[in-house]
Amino acid sequence: MNTSMLLGKLSLDALPFYSPIAAAGAAVIVFGGLGVIALITWLRAWPYLWREWFTSTDHKKIGMMYVGLALVMLMRGFVDALMMRAQQAMAMNAEGYLTPDHFQQIFSSHGTIMIFFMAMPFLFGLMNYVVPLQLGARDVAFPLMNAISFWLTAAGAALVMVSLVIGVFSTGGWSGYPPYTELSYSPTVGVDYWIMALLVSGVGTTLGAINLVVTIYKMRAPGMKLMQMPLFCWTALCASLLAVFALPGLTVAAGLLGLDRYLGMHFFTNDGGGNVMNYANLFWIFGHPEVYILILPAFGIFSSVIPTFSQKKLFGYNVLVYATMCIAVLSFTVWLHHFFTMGADANVNAFFGIMTMVIAVPTGVKVYDWILTMFRGRLRFDTPMLWSIAFIVTFVIGGMTGVILAIPPLDYVFHNTLFLIAHFHNMLIPGVLFGLFAGYAYWFPKATGFPLDEAWGRRAFIFWVVGFYLAFMPLYALGFTGAPRRMAYYDQPEWQIYFVIAAIGALSVLAGIICQVIQLVVSIRNRDRTTSFAGDPWGGQTLEWATSSPPPEYNFAVLPRVNSLDAFEEAKESGQPYVWPEKYDPIEVPRNSMTGVLLGGTSFVLGFAAVWHIWWLAALSLLGVIGIVIARSFATDTTRFISADEVKAHESRWRTAVLAQGKASS
Amino acid sequence: MTDQPNQHPGINISHARPEDGRHTEVTVFGFWTFLMSDAIIFALLFATYATMVNRTAGGPTAAELFDITNAFIETIVLLASSFTFGMGAVALKEGRVGGVRLWLVVSLVLGLVFIGLELREFAGLAARGATAQASGFLSSFYVLLSTHGLHVLFGCLWIVVMLAQISVFGLNRQVRSRILRLGLFWHFLDLVWIVIFTVVYLPAVAT
Amino acid sequence: MFQDTMLDPAGPVSAATRDLLFESVGLMLIVVVPVFVLTAFVVWRYRAGNTSAAYTPRWNGSRLLEMGLWTVPVTIVVLLWFVVWNRTHELDPYRTIESDQPPLVVQVVALDWQWLFIYPEEEVASVNRLVFPVGRPLTIQLTSDSVMNSLLIPALGGQIYAMAGMQTELNLKADRIGVFEGRNTMFNGNGFSAQTFTVEAMDMAGYQAFLAEARTSPNALTEESFQTLAEPTVNGPLRLYSSVAPNLFHTIMGAHGSMPHTVAEPDMSSAPHHADHAR
Amino acid sequence: MSGAWEGELGGHKVRQPVAEARHERRRYVWGLGFALVLTCAAFGLVVFKILSGPALLAAIGALALLQIVVQFRFFLHIDLSRSKREDLQLILFTGLLILIMVGGSLWILTSLDQRMIG
Ligand code: HEA
Ligand code: HEA
Ligand code: CUA
Ligand SMILES: [Cu+2]
């Protein structure tokens, strides 16, 4: 490719006319994006969005933006999944409608998006929204940094989306193994997009994780000891610590790969003294903890949902806390299980296999504790609870196949086959995704004031569970026959029926998603009937329910004093759940700031310029990033006060709502 | 939330200034968390270097390349700058703006001298054909060293910004807290350097 | 469907792997089945509608029960440790399979997107086709002339990566005559899906016939003809070579000299530790 | 937000920081001394070939470790007092992870290197 000073490697060839399907995809993105922009303009919503959302430093709004970003990326990831399932259902004897090159981009973007731009933002969104409320805090420790984290994540996601329209995406999978991803084998910009997207969003995620760690350590309500935090905060703490310590692995792996590609170095090349094995090592030092970063907060959600809907206390709080810590620490000791088949000697393989199995113990104890929480309860089967029950049963199957993979001689057979794909979807969908859905349904009324529609929620649930089993159980079977992952077509006629069943499963999931969209619409339409400002729709046990729905910007007019676990539940038992003092003080909150958006935008440009080797632009935006940070450090007057009258007005409105519900004394 | 005096690791200015302490406690803890994340990056680069030393692809080896005198001078310069920064911190505690300025400038100069020495070393190596592209070993050497070097450069920029902020704001709470974090950062870089000369230079010369 | 897979093993390695699978799954079911049963029971029995069931809203722990909860999985996992430690050593892919016959050494080079099999003892080679006598252990040495590959033969078991400039090893054996499929499982680009090869476990006569056929092939595998072969090819033909340049396998490895050893000795054929590999 | 530092120096808190500063200055000087001695020891061992082979590596490794502890103690003010416990925990935890990651990587990659040569 020839490069120019002005545009680097960028030219008209970058547009996706290499395949009609890719061009159609690009068109959807472009016109969809333009449509959204037009709609916002037509509604004259820009000033509102800018003022209330884009420049906001309120952890609740940032949390919701994270979830919104995740839902958008989910759609993209799901379209990818459907395309793959359709391809494999048809692809007997190199038929199918996708070229291998296109198929490869799809599984790479599916994996990358689902892990980094769907699951992580979704979890960070929920944690952002819920953790300060559960801690009885006014905000996270560093509100502005929180906004920056979000916008950097969004910039990374935008880079992935742009690759669909301008240029191509990586074909190296979400793990991006060299030497395949080295310049000599992947000369296009795809891998560069992948690297830049991960590096940019990685910075955001690290900052976000630091923020949560500090919030949990230092911002708890007066009196709240660590062992009195709700379990979700514990899992958020452990997941954040994992992110702080694991993400460097990704940064180093992707960064060194980038240096190979950009500066001709020899970290992972086939020649010049490169060592491809070190990439696998570095990547999985990050990659394994990563899957626990995803699952731990989900565990926390289930630990909030199950007791609430069992109308009972959580069983074995201490044990659950220790089990969470165990899992977090152990997850740093097992990474080699992703490359048992690289050829390390039996002592090494056996050691890491054994360490991996140890994790099954604390996880199993958690499962038992959830069951015992339901034991002798009064179970209400609202949708969050349904997701939780489906999780327990299905997750155990995935855990068992995980342990199978942890036995090195068995992994020699199953590695890189569809058995592995089935294992991890079996963890990610019933574990992470069902957890996210449970949390979404559980905290939705907190964030908006009205609940999600139950009937459509149940329908979605049925389609999802059935769809999951149909889509992934056949892959276990295929794994036994040695069917490999990332396969665009095959020549074994007897495989096809399994792929067809899997495609039907994906369609069922699609039906589930459609139900969820309808659910959202129906719920919004019915909100006049269902809205409740009082704030405690489920009979919750933790502090986030001790505010109005939606909570005011400052969360708590008076910071609650906490001296027990399940503070809100205890307060209700003692008959004094709410405190409404006579007099309120003004409350200091951070002002809005456009630093986050600016940094996100500039980083996006930086990433894009680097992908296309437009060096002048890259240098300029790098200076921009540094300049923005320095300029911001000179800002004074970064907070404002909410007046006592305003606080009082809100609190008395809320008080009226609560009293009207007759809940104040229950 | 804790009732104990909030003195904080680092430059420890809060004995006399309790209201600083509460604010600083949170930011400093966050900064420590960041530093620890950064430490993992360095640790992984060290591990990479250690597994790459022998991958010289027929090119020059560590023993042939490294000059221990230069490494020693660099070490002393960096150690000295760590010390002068400490003196600046003491001046900060005593509230002597002039002292703070002076010591910050001295540390800055020493930091720049260090970067200069490092660049001179790189140029010398490159002149002998030992570039980052020459072998896996040299790639890992350059990346490890320049990651540290870029951190020092960043620290220098930060010092400049703090000098400017002292001029604009005086030693107000924000500025003090930032200088405190900058100090942590600066000392941390010295820690990393200890590992660098122990892992990179000394074994190479010893063989 | 499961014919000639690990569930229908054709050799001792895959048979041992299957036994190991059943054994470990059996162990795990001891703790997993109760989860299903208990969940179903609890969900049914303690539904809100059933007011006759016990209800203890403040019950949040029990020392004894918690101890039990840890013991059960710990026991199973400790049992699994022994299984893992022993079997990982027994089934180490590098371990030659005991037999009264010496192992047949085959050198494998992974290409984009084909497989080259060199028979150093016989000085012949074949492409996309691995033929060997039943009952005699195989020692497969692997390298790659391109990106990372992974060689898997489900009927015989095992899988190991092939990496440029390096040599890995896989020991397998067939106990029955048959034609199986082998493939690359490590994604490596456009031709990945078609990168399969046939595996033919033959009796001695069949194997001899294969060698004879190879020897009559007009093709010779030299360093030059290897370069042609190594061109990226999807669905490449089966091919035989009647001769192989000496030490070709190590020459190919040396060409990607990334390992410390191979780099220091550019002239591969004279390197002592490679010489004894050629046997 | 409080005003400039000098402004409040006029108050009754003056003596305390000054005494503390003197104490602190002494600490930095001690720290510098220790660090210089340890550094020179490490370089000296190598330059004057006092030890060699694994013994040398072990010795300079130990000196480096000692110097890290010294700098933490004297420059970064990390000690065992209660108020710094959270930071100390964090640092020790990081140390543990570094040990796991670096030790694990070296173990894995040396094992692989050995087995790749045959
Ligand atoms: C969190 C992670 C995640 C999730 C949720 C999924 C979900 C799905 N995945 Fe994916 N997948 C991966 C992570 C994930 N995957 C990874 C990491 C890879 C490896 C990539 C690689 O090889 O490198 C992979 C690879 C992968 C493959 C390639 C296999 C191969 O290599 O041969 C396939 C094949 O079909 C597949 C299918 C599916 C399907 C059908 C789903 C579906 O079941 C589910 C899809 C649906 C959704 C995700 C939900 C959509 C929900 C909404 C839109 C919300 C609705 C609205 C409201 C709530 C308001 N996945
Ligand atoms: C949220 C995601 C998630 C979770 C939670 C897990 C959890 C586990 N995973 Fe999984 N895994 C992935 C996501 C996940 N994994 C992904 C994405 C990959 C592939 C990446 C790629 O290659 O693209 C992968 C790959 C992967 C491999 C590599 C396989 C290969 O590449 O060949 C292995 C091997 O050991 C493994 C093992 C395990 C184990 C043992 C657990 C355990 O933590 C499970 C523990 C849980 C249970 C065991 C169930 C409950 C327990 C009981 C009821 C108690 C009693 C049970 C026993 C005593 C057995 N996983
Ligand atoms: Cu693989 Cu060396
Ligand atoms: Cu893992």
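Looking at Leu170(C), there are no atoms closer than 4.5 Å to chain A (heavy atoms on both sides), in backbone or side chain. Residue Phe309(A): no heavy atom, backbone or side chain, is found under 4.5 Å from chain C. Neither the backbone nor the side chain of Thr99(A) comes within less than 4.5 Å of any heavy atom in chain C. For Gln3(C), no part lies near chain A; criterion is any non-hydrogen pair under 4.5 Å. Within the 4.5 angstrom heavy-atom criterion, no atom of Ala483(A) approaches chain C. For Asn149(C), no part sits under 4.5 Å from any heavy atom of chain A, backbone or side chain. For Asn50(C), the part lying near chain A is the backbone, with the side chain staying farther off; criterion is any non-hydrogen pair under 4.5 Å. Residue contact with chain C, scored on non-hydrogen atoms closer than 4.5 Å, involves the backbone of Leu314(A) exclusively. Both the backbone and the side chain of Val413(A) come within less than 4.5 Å of a heavy atom of chain C. Using a 4.5 Å cut-off between heavy atoms, Leu152(C) touches chain A through its side chain atoms alone. Contact of Arg183(C) with chain A is made through the side chain alone, with heavy-atom distances under 4.5 Å. In this structure, chain C has a heavy atom under 4.5 Å from the backbone of Pro178(A), while its side chain stays farther away. With a 4.5 angstrom heavy-atom cutoff, Pro154(C) touches chain A only via side-chain atoms. Using a 4.5 Å cut-off between heavy atoms, Gln492(A) touches chain C through its side chain atoms alone. In this structure, no portion of Ser14(C) lies under 4.5 Å from any heavy atom of chain A. Contacts of Tyr498(A) with chain C are made by side-chain atoms alone, with heavy-atom separations under 4.5 Å and no backbone atom involved. With a 4.5 angstrom heavy-atom cutoff, Ile160(C) touches chain A via backbone and side-chain atoms both.
Defined by atom type and a distance below 3.5 Å, a donor-acceptor pair is missing between the side-chain atoms of Tyr412(A) and Thr17(C). Ser146(C) and Asp112(C) are linked by a side-chain donor-acceptor pair at a separation below 3.5 angstrom, with hydrogens and angles left out of the test. For the residue pair Tyr180(A) / Thr171(A), a side-chain donor-acceptor distance below 3.5 Å is found, with atom types taken as modelled. When only modelled atom types and interatomic distance are considered, Asp411(A) and Gln159(C) share no side-chain donor-acceptor pair under 3.5 Å.
By the 4.5 Å heavy-atom criterion applied to side chains, Met84(A) and Phe103(A) are counted as neighbours. The side-chain heavy atoms of Leu379(A) and Met385(A), taken from C-beta on, include a pair separated by under 4.5 Å. At a threshold of 4.5 Å between non-hydrogen side-chain atoms, the residues Met374(A) and Tyr46(C) do not count as touching.
With rounding to the nearest 0.5 angstrom, the CE atom of Met186(C) is 4.0 Å from the OH atom of Tyr161(C).
Residue with the most contacts toward chain C among Thr373(A), Ile407(A), Val365(A), Ile371(A): Val365(A) (heavy-atom pairs, distance under 4.5 Å). The candidate from Met148(C), Glu90(C), Arg87(C), Arg95(C) with the greatest count of non-hydrogen atom pairs under 4.5 Å with chain A is Met148(C). In terms of non-hydrogen atom pairs under 4.5 Å with chain C, the most contact-rich of Asn347(A), Leu372(A), Thr401(A), Ile397(A) is Asn347(A). Your options are Leu478(A), Asn318(A), Val319(A), Ile392(A), and the one with the most heavy-atom pairs under 4.5 Å with chain C is Val319(A). Interface check for chain A: of the options Asp8(C), Thr56(C), Val13(C), Leu29(C), the most heavy-atom pairs under 4.5 Å are formed by Thr56(C). Most heavy-atom pairs under 4.5 Å with chain A, from the set Ala53(C), Gly189(C), Gly157(C), Ser150(C): that is Gly189(C). Note: Ala194(C) leads Gly191(C), Ser62(C), Ala155(C), Ala194(C) in heavy-atom pairs under 4.5 Å with chain A. Looking only at heavy-atom pairs under 4.5 Å with chain C, the residue among Phe107(A), Tyr489(A), Tyr490(A), Tyr177(A) that has the most is Tyr489(A). Put simply, of Leu7(C), Val43(C), Val74(C), the one with the most heavy-atom pairs under 4.5 Å next to chain A is Val43(C). Per-residue counts of heavy-atom pairs under 4.5 Å with chain C were compared for Gly482(A), Pro408(A), Ala346(A); the largest is that of Ala346(A). Counting heavy-atom pairs closer than 4.5 Å to chain C, the top residue among Met400(A), Glu494(A), Arg380(A) is Met400(A). When Ala16(C), Gly158(C), Ser24(C), Ala48(C) are compared by the number of non-hydrogen pairs under 4.5 Å with chain A, Ala48(C) comes out ahead.
Put simply, the side chain of Asn128(C) never gets that close to the backbone of Gln114(C): no donor and acceptor are under 3.5 Å apart. Proximity of a side-chain donor or acceptor of Lys312(A) to a complementary backbone N or O of Phe375(A) within less than 3.5 Å is detected. Judged purely by atom type and a 3.5 angstrom limit, Gln104(A) uses its side chain to pair as donor or acceptor with the backbone of Pro100(A). Proximity of a side-chain donor or acceptor of Gln107(C) to a complementary backbone N or O of Phe249(C) within less than 3.5 Å is not detected. Listed for the Asp345(A) side chain is a donor-acceptor partner under 3.5 Å among the backbone atoms of Val348(A).
Of residues 75-83 of chain C, those residues with a non-hydrogen atom less than 4.5 Å from any non-hydrogen atom of chain A are, in numerical order, Val77(C), Leu80(C), Trp81(C).
Smallest separation of non-hydrogen atoms from Thr168(C) and Met342(A): CG2-O, 3.8 Å. Across every non-hydrogen atom of Lys366(A) and Leu320(A), the tightest pair is CG-CD2, 3.5 Å.
Ring centroid separation for the pair Trp70(C) and Tyr368(A) does not come in under the 6.0 Å cut-off. Aromatic ring centres of Phe187(C) and Phe192(C): separated by under 6.0 Å. Ring pair Tyr279(A)/Phe267(A): centre-to-centre distance not below 6.0 Å.
With respect to the salt-bridge test (charged N to carboxylate O, under 4.0 angstrom), the residues Lys173(C) and Glu98(C) do not qualify.
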Identify every side-chain donor-acceptor pair in residues 31-40 of chain C under 3.5 Å, counting partners at least two apart or on other chains, and give the distances.
residue: Thr39(C); atom: OG1; partner: Val35(C); partner atom: O; Å: 2.5

